[in-house]
Structure formats: C-alpha cells, structure tokens
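Residue numbering restarts at 1 for every chain, and letters A, B, ... go by the order of the sequence lines.
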2 protein chains.
Amino acid sequence: MQPGLSFEENMLEARQAYPDVSQCPVRGVLDQIANKWSVLIISALAERPYRFGELRREIGDISQRMLTQTLRDLQADGLVEREVFPTTPPSVEYRLSPLGHSLLVPLRSLVQWSFDNFPAIREARQQFADVA
Amino acid sequence: MQPGLSFEENMLEARQAYPDVSQCPVRGVLDQIANKWSVLIISALAERPYRFGELRREIGDISQRMLTQTLRDLQADGLVEREVFPTTPPSVEYRLSPLGHSLLVPLRSLVQWSFDNFPAIREARQQFADVA
DNA sequence: CTGCATCCTGGAGGATACTG
DNA sequence: CAGTATCCTCCAGGATGCAG
C-alpha cells in the first residue's frame with residue numbers, strides 16, 4: 001500500500017491500477033483465501049508439516065481432487081512448500097513457507113473477528129429475516 | 001475464539017462444532033469478503049455514506065444487480081445500514097454500521113499484507129510456471 | 001433514481017475410476 | 001501413498017428489460 005494513501009483510496013485506486021482483475025494484488029489474495037479449503041489447509045499446516053494423506057484425514061470431508069488442487073495453488077503462490085521423499089511407497093510432505101507463515105498474522109485477526117462478532121451477525125440475520 | 005485454543009485448533013474445531021458450513025462463523029465471514037464486490041463496497045463506504053447511483057459510478061464496472069444483491073447481503077449481516085429518503089425521485093443512502101467499521105480493522109491488515117507481499121507472490125507464480 | 005425478474009454462461013467443486 | 005483424468009452439478013454473476 002502506498003504511503004499517504006488511505007485504505008479506501010488504495011482499494012479503489014488498486015482497481016484503476018489493475019484493470020485486469022487477475023493482476024490485482026488484493027483480489028488475488030482475497031480469491032485465494034476465499035477458496036473453500038485454503039484457510040483450512042493453511043491453518044492445519046500452521047501447526048506442523050503434514051503428509052498428503054494425513055492432511056486429507058485431518059480435514060475430513062475434502063475430496064482428494066480439491067486437496068491436490070488447492071495445495072498446488074498455494075504452492076504456486078509460494079505460500080506452501082512441497083517436498084517429495086522417494087521412498088516406496090512415495091511420501092510427500094507439505095509445509096508452510098515463511099511467506100505462508102506471514103499470512104497467518106492478518107488471517108488470525110480476521111478469524112478472531114469472525115468468532116468475536118458472529119453472535120452479532122447471527123442476530124442481525126435473524127432480525128433481517130423477520131422483517132423481510 | 002475460545003481462550004487457550006490456538007488459531008489452528010480453533011479453525012479445525014470450528015468445523016467440528018459447525019458441521020453445517022452455513023453456520024460456521026469463519027466460513028460465513030470468509031464467504032462474505034470472498035464476494036467479488038463486498039470488500040470494494042465496504043472500502044468505499046469506509047470513506048463516507050453513498051447513495052446507490054453514486055456507489056455504482058464510484059465502483060465503475062459493477063452491474064446494478066450485483067450491487068443491489070451485495071448491499072442486501074451486507075445489510076442482512078448488519079454490516080451496512082440502509083436509509084430511504086421518500087423524495088421524488090426516491091433516494092437511498094448506504095452507510096457502514098459500527099459492526100461494519102469494526103471489520104475494517106482486520107480487513108486493513110489483510111489488504112496491507114496483499115500489497116506488501118504481492119511482488120513475492122508474483123515472483124513465486126512466475127517461477128512455478130517456468131518449472132511446470 | 002432505485003431497484004426486481006428473467007435468462008444465460010463460466011467456473012468451482014463433488015463423485016468416481018484409474019495409475020506409478 | 002499420492003496423485004491424474006472425466007464427467008456432472010450447482011450457483012455466482014453478467015446482460016437485458018420492466019416498474020414504482
């Protein structure tokens with residue numbers, strides 16, 4: 001974010017500067033954590049490295065297709081590191097990169113906010129539903 | 001978030017506690033900010049209240065359908081307040097609620113992170129593409 | 001001006017079967 | 001064990017037209 005520019009200014013100017021959505025920094029990150037499984041995978045890897053199967057069992061109801069795909073995306077963005085051990089049968093370990101760890105900081109704030117304010121949101125939804 | 005529980009533990013236990021995804025606090029918030037336009041609208045309203053048409057012009061390439069729908073969702077969650085002025089023609093003003101303003105705090109962190117680390121992500125993507 | 005109703009398309013994501 | 005390949009479904013979101 002440029003110094004001297006407020007959050008709002010940056011958000012809106014970011015769209016001017018990046019007419020191609022796929023190139024916008026904010027949208028790129030937002031889309032990533034918006035994925036159904038990204039945050040869940042990142043939070044699991046925040047604890048310790050996991051092997052593919054371990055991660056699958058830990059999360060529980062993720063399809064192997066989406067686990068593979070999400071891990072690839074996170075790896076492509078440099079948030080997750082992948083290490084293959086050429087054993088038989090093969091074993092692959094996934095861990096958070098330093099960049100991935102740094103993302104935990106703002107992510108924690110957001111998760112914290114979600115927990116803190118969910119009651120209020122829940123109530124607001126109820127009231128809104130009653131009126132409508 | 002429960003005291004004594006780490007971020008990771010909470011994320012994973014949250015899924016146990018809320019098997020219905022639509023009831024999970026974290027997913028609820030994540031899905032909301034994941035919307036293509038939510039963060040953009042919130043950031044605009046962080047500056048000052050806006051009327052419908054103003055907001056439409058400010059954002060630029062949002063369809064009126066999605067503007068209406070996203071505003072309704074934000075309103076339902078209690079993040080945005082809607083006030084109708086019975087003039088002719090009618091005028092409607094949208095503003096951030098206190099809850100909506102409180103969301104700006106963690107949101108700013110995330111947006112800040114995006115700007116700070118986009119170069120690294122960009123480079124990671126390039127390298128990943130080269131290898132593959 | 002501020003919407004709602006309708007139609008339509010692309011892409012996220014699930015289920016299933018196969019491979020090194 | 002750790003994936004890849006297909007097929008299929010569902011819905012976010014765009015375009016357009018109408019209304020109070």
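- Following rounding to the nearest Å, A/F85 (CZ) and D/dC1 (C1') show an atom-to-atom distance of 14 Å.
- B/L55 has its CG atom 14 Å from the P atom of C/dC1, to the nearest Å.
- Listed by first then second residue, pairs satisfying salt bridge (Lys or Arg N to Asp or Glu O under 4.0 Å) with a partner in residues 66-77 of chain A read A/D77-B/R125, not counting sequence neighbours.
- Nearest to the side chain of B/F52, among D/dG13, C/dT2, C/dG13, sits C/dT2.
- Residues satisfying the side chain to side chain donor-acceptor pair (under 3.5 Å) criterion with B/N35, sequence neighbours excluded, are B/S38.
- OP1 or OP2 of D/dA2 lies within a sub-4.0 Å distance of a side-chain N or O belonging to A/R51.
- Nearest to the side-chain atoms of B/R82 among the listed nucleotides C/dG13, C/dT2, D/dA2 stands C/dT2.
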Worksheet item: Can you give one letter per nucleotide of nucleotides 15-20 of chain C, going 5' to 3': B for a protein heavy atom under 4.0 Å from the base, S for sugar-phosphate only, - for none?
Response: BBB--B
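- Proximity of A/R56 to the phosphate of D/dA2: no side-chain N or O atom is located under 4.0 Å from OP1 or OP2.
- Mapping B/T70 and A/G53 onto DNA chain D via the closest heavy atom, the residue that lands nearer the 5' end is A/G53.
- Rounded to whole Å, the distance from CD1 on B/I62 to C1' on D/dG13 is 10 Å.
- Protein atom CG of B/N35 is 10 Å distant from nucleotide atom C1' of D/dG13, rounded to whole Å.
- Nucleic acid contact for B/R72: sugar-phosphate only, since backbone atoms but no base atoms lie under 4.0 Å from a heavy atom of the residue.
- Between B/Q69 and B/R57, the residue whose closest nucleotide on DNA chain C is further toward the 5' end is B/R57.
- Without hydrogens or angle criteria, A/S91 side chain to A/F85 main chain gives no donor-acceptor distance under 3.5 Å.
- With sequence neighbours left out, the salt bridge (charged side-chain N to carboxylate O under 4.0 Å, His left out) criterion links B/E123 to no other residue.
- At whole-Å resolution of the value, CG in A/D73 and P in C/dA12 are 9 Å apart.
- Look at CD1 on B/I59: it is 14 Å from P on C/dT2, rounded to the nearest Å.
- Residue B/Y94 is in sugar-phosphate contact alone, with no base atom involved, counting any heavy-atom pair closer than 4.0 Å across all strands shown.
- Not one N or O on the side chain of B/R122 forms a donor-acceptor pair closer than 3.5 Å with the backbone of A/P25.
- One interatomic measurement links the two molecules: CG of A/L71 to P of D/dG3, which rounds to 8 Å at whole-angstrom precision.
- The salt bridge (Lys or Arg N to Asp or Glu O under 4.0 Å) contacts involving residues 81-107 of chain A comprise A/E83-A/R95, A/E93-A/R95, where partners must be two or more places apart or lie in separate chains.
- Distance A/M66 CE to D/dA5 C1': 15 Å, rounded to the nearest Å.
- Contacts of B/Q75 classified as side chain to side chain donor-acceptor pair (under 3.5 Å), with partners at least two apart in sequence or in another chain: none.
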